[in-house]
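Have a look at the structure below, then the notes.
Start at 1 and go down the list; that is how both ligands and their atoms are numbered. Predicted model, so just to flag it, every value in this text is computed and none were measured.
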Amino acid sequence: MNPPANITDPLVLFMPSGKRGRFPVGTTVLDAARQLGVYVESVCGGRATCGRCQVEVQEGNFAKHKIVSSNDHISALGAKEQRYAAVRNLMEGRRLSCSATIQGDLVIDVPQDTVVNAQTIRKAATDRIIERNPAVQLCYVEVDEPDMHKPLGDLDRLKVMLEKDWGWQDLLVSQHLLPQVQGILRKGGWSVTAAIHRDLDSSRPTIISLSPGLKNEAYGIACDIGSTTIAMHLVSLLSGRILATSGTSNPQIRFGEDLMSRVSYVMMNPDGREAMTRAVRDAVNELTAKVCDESGVDRNDILDAVFVCNPIMHHLFLGIDPTELGQAPFALAVSGAVHTWASEINLKINTGARVYMLPCIAGHVGADAAGATLSEGPYRQDKMMLLVDVGTNAEIVLGNRSRVVAASSPTGPAFEGAEISSGQRAAPGAIERVRIDPETLEPKYRVIGSEKWSDEAGFDEAVQATGVTGICGSAIIEVVAEMYLSGVISEDGVVDGSLAARSPRIVQNGRTWSYLLRDGEPRITITQNDVRAIQLAKAALYAGIKLLMEKQGVETVDMIRFAGAFGSFIDPKYAMVLGLIPDCALDEVKAVGNAAGTGALMALLNRDYRREIEKEVAGIEKIETALEPHFQQLFIDAMALPNKVDPFPKLSAAVKLPPRKTVSAEGVAGDTAPRRRGREGHAARRARD
Ligand code: FES
């Protein structure tokens, strides 16, 4: 026990947490960290054998903190550290915090291996560090050998040591360990490493795994189960390092492309729920095997798992019938966070491993939206942040420090290329970028797998391997926006047939007109129906966003974050020209990649984040768009490009929007007129309301 600190004691600051305190000379750095609640891993309990407690001294004058930190202010390398360094190669500058003692003012860096590239696609990525405080801790102990005169059981003597060395009291033991405990203790020569799980501070800690001797590795998986894809990180719980990241498609697609068709499948087929549960669990098990293979990790060393998913995937994965989610009032069987055992849901990882699922926000806004919310943290901002995950069902969160609201919008699969005549999923050969010359109406495009534009020399050779196969979601956004900017379509989305006199790109298609993007094999046109499908999808999303803005009482948002794979490929400018998102400074619109998966990772590595998101989700106001009478009018206004009534002043400053043009449904152009001013539009709408 250290004596209490006083004002003249050395001041120690831990980074990156920023926690600081005064400690008597001679206190170990590990003790100081513990007293401040700074998480520093330790498996061997200070025996200087595991090497998990490493820290670094930051040298220099930290004027802001009034600390001059130097390696002279920490004890010299002691015998235990020297022994560890000789055997295990302690990197220069690193110290074992269980051995090194405080001798003066110090700034101590606790190395964090978890650096998440939150933005997986765009170059201007902001790496983030996730501080660790996992729910599973490895604790090495040396247990007394059995003694005929003290008939305390092997397990009981193990518990005694776990309390003595580590302070664990009132330990539960996973039942599957009882038949193994004697064998493990004897195999380890009475030394053993126990994996202790404790998530909630109020819950009893549990021994979930035992390994003979010193076990110095424990892993976890963070998994995002999407309707189309399943993405997984395999992470060291001890260092926080991500060892592998991989994905696979969700095999439930064979039961139905979108969520509602999967609910229908359950309703129509007696064993439908079981089949889908089995399919998704099998896929998760296969993906686990894959990330383990890639990183040489034994799946039995995976001790914790965190999942995020939309509500229907959440229910199916847990084996819950999702039928109630298919109809109002969209009742979730469970909305709070779920704590369970991996073995209960047939996951092939360590038998004692635990599973945590983030809470769902509402019947249509799932644990994946909660994960994205945790990752991007609208509730940590003063600014009004819009967080959008575009999928067949877009999940929308809007808020700041004082209030957060959430909703989902049924955008349908058009953004993923379905319902579009030449649409396809993003894959090599798919057109991903489109530009249209406003003078000649000639297009140029780029396909996935090649950097060349179609009008550049060498394009044909560059795409020889993949061909040009169709048009994917990001390009559908671009082509419709470019058609609007070049005057091919009116603000109401009607293709202007009168332009056929000017360009062979405008081709008749029955009673309507189409834009010929590519002549050849395959011939790719953007038909009137394609434009309509995009308008319907974007209007649904925008109307949902507007409802949330109205709930918040704001006319603009300060920042927009696109989560999900699709968001990573959308050019914010085109998304705004289309009126998919509200007006915002373009440099405040960012793609954040798989934010739901990042949220799962945060919850895996630090149980404090679990409490944080549970508390936040409880406070998020849920808006059911289908029940809002105003939704219909917002939807109709949002059918226009970018919008019938809302102004886009920031967009207009960055992009020259075309003058208003009316075109009849048959594609006959009428007058052009200046764009209606936003304020007039608002006034008109208010008058109507
Ligand atoms: Fe194991 Fe320091 S706690 S080496």
Side-chain angles (χ1 to χ4, degrees), residues 1-2 12 14-15 17 19 23-58 71 73-103 106-114 131-143 158 161-168 188-198 205 207 209-219 236-241 301 303 605-606:
M1 189 74 182
N2 295 307
V12 182
F14 285 91
M15 297 302 284
S17 69
K19 290 180 178 165
F23 299 91
V25 168
T27 309
T28 66
V29 175
L30 182 61
D31 271 349
R34 293 231 165 108
Q35 287 177 44
L36 290 174
V38 173
Y39 187 85
V40 177
E41 190 62 69
S42 153
V43 175
C44 68
R47 291 173 173 82
T49 53
C50 73
R52 288 290 176 187
C53 64
Q54 295 183 31
V55 294
E56 267 180 37
V57 173
Q58 297 282 306
N71 271 311
H73 296 173
I74 195 165
S75 58
L77 222 58
K80 280 179 170 180
E81 279 179 292
Q82 284 179 19
R83 192 185 61 217
Y84 180 86
V87 181
R88 304 292 296 275
N89 190 16
L90 192 62
M91 255 164 52
E92 200 181 324
R94 290 283 176 97
R95 300 297 304 270
L96 297 180
S97 64
C98 63
S99 297
T101 58
I102 295 163
Q103 302 296 324
L106 284 167
V107 174
I108 297 284
D109 186 37
V110 184
Q112 307 282 334
D113 279 348
T114 326
E131 280 189 61
R132 283 174 298 118
N133 180 16
V136 173
Q137 194 183 337
L138 293 188
C139 301
Y140 170 86
V141 283
E142 290 166 2
V143 179
L158 166 61
M161 292 316 291
L162 284 167
E163 178 166 354
K164 182 163 171 270
D165 287 2
W166 295 90
W168 291 113
W190 304 101
S191 72
V192 64
T193 305
I196 315 277
H197 176 271
R198 184 168 63 179
I207 303 175
S209 169
L210 288 172
S211 307
L214 177 67
K215 175 83 180 176
N216 211 353
E217 278 304 342
Y219 301 96
S236 162
L237 294 176
L238 301 182
S239 72
R241 198 152 64 86
D301 289 339
L303 298 176
L605 287 175
N606 192 328

**Request:** Would you mind checking which non-hydrogen protein atom is closest to atom 4 (S) of ligand 1, with the distance to 0.1 Å?
**Result:** Gly51 N, 3.1 Å

**Item:** Closest protein heavy atom (residue, atom, distance) for atom 3 (S) of ligand 1
**Value:**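 Among all protein heavy atoms, the one nearest atom 3 (S) of ligand 1 is Ser42 OG, 3.3 Å.
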
Provide the number and element of each atom of ligand 1 under 4.0 Å from a heavy atom of [X].
X     : result
Cys53 : 2 (Fe), 3 (S), 4 (S)
Thr49 : 4 (S)
Gly46 : 3 (S)
Ala48 : 4 (S)

**Request:** State plainly whether the residues Glu81 and Arg95 are in salt-bridge range, i.e. N to O under 4.0 Å.
**Result:**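 Here Glu81 pairs with Arg95 in a salt bridge, since their nearest N and O are under 4.0 Å apart.
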
**Item:** SB check Arg47 Asp165 (cutoff 4.0 Å)
**Value:** yes

**Whether Cys98 has an N, O or S atom under 2.8 Å from atom 1 (Fe) of ligand 1** = no

**Prompt:** Side chains of Tyr84 and Gln82: do they bring a donor and an acceptor to under 3.5 Å?
**Reply:** no

**Message:** Working note: Leu36 + Phe14, criterion side chain to side chain contact (heavy atoms under 4.5 Å, CB included); need CA distance, chi angles, decisive distance, verdict.
**Reply:** CA-CA 9 Å; Leu36 290 174; Phe14 285 91; 3.6 Å; yes

**Request:** Kindly indicate whether the side chain of Asn606, heavy atoms from C-beta on, has any atom under 4.5 Å from the side chain of Arg132.
**Result:** no

**Request:** Flag the pair Glu41 / Gln137 as yes when at least one side-chain heavy-atom distance between them is below 4.5 Å, and no otherwise.
**Result:** yes

**Angle, SG of Cys44 through atom 1 (Fe) of ligand 1 to SG of Cys50 - 10° precision** =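 Cys50 SG and Cys44 SG form an angle of 100° at atom 1 (Fe) of ligand 1.
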
